Amino acid sequence: MARVISDACISCSACLDSCPVNAISMGDEHMVIDAGLCIDCAACEGTCPVAAISPED
């Protein structure tokens with residue numbers, strides 16, 4: 001299961017450096033996580049100032 005970034009994302013990029021596999025990038029509207037690369041380590045989740053990152057449902 002991968003992590004996902006919700007529309008609450010403010011595109012601050014705080015999560016970028018926390019991802020050990022570089023699965024996070026800027027999308028059209030906000031930051032996005034590539035589910036194929038995400039290893040579900042949750043390292044990014046604690047770095048988000050608006051709690052926009054969560055486990056995929």
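Quantities reported herein were computed from a predicted structural model and do not represent experimental measurements.
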Completion exercise
Taking every heavy atom of C48 against every heavy atom of A52, the minimum-distance pair comes out as SG-N, 3.2 Å
Handout entry: Beyond-backbone contact of P20 with I39, side-chain heavy atoms, under 4.5 angstrom
Key = yes
Handout entry: Other cluster members, L37 - Ile/Leu/Val/Met/Phe/Trp/Tyr, side-chain contacts below 4.5 Å
Key = none
Problem - Student check: side-chain heavy atoms of V4 and S54 closer than 4.5 Å - result: yes
Problem - Residues which pass salt bridge (Lys or Arg N to Asp or Glu O under 4.0 Å) with E45, listed by chain and number, not counting sequence neighbours - result: R3
Exercise for the section: Show your working on side chain to side chain contact (heavy atoms under 4.5 Å, CB included) between I10 and H30 and close with a plain yes or no. Expected result: CA-CA 7 Å; I10 58 173; H30 54 73; over 6 Å; no
Practice task
May I ask you to list the residues sharing a hydrophobic cluster with L16, side-chain cutoff 4.5 Å, ordered by chain and number?
Solution key: I5, I24, M26, M31, I33, I53
Handout entry: pair S18-C44: side-chain heavy atoms closer than 4.5 Å
Key = yes
Practice task
Show your working on side chain to side chain contact (heavy atoms under 4.5 Å, CB included) between V21 and C38 and close with a plain yes or no.
Solution key: CA-CA 7 Å; V21 294; C38 180; 5.8 Å; no
Problem - A35: side-chain contact (heavy atoms from CB on, under 4.5 Å) partners, not counting sequence neighbours - result: A2
Practice task
Can you tell me which residue pairs pass the salt bridge (charged side-chain N to carboxylate O under 4.0 Å, His left out) test with a partner in residues 8-33, sequence neighbours excluded?
Solution key: none
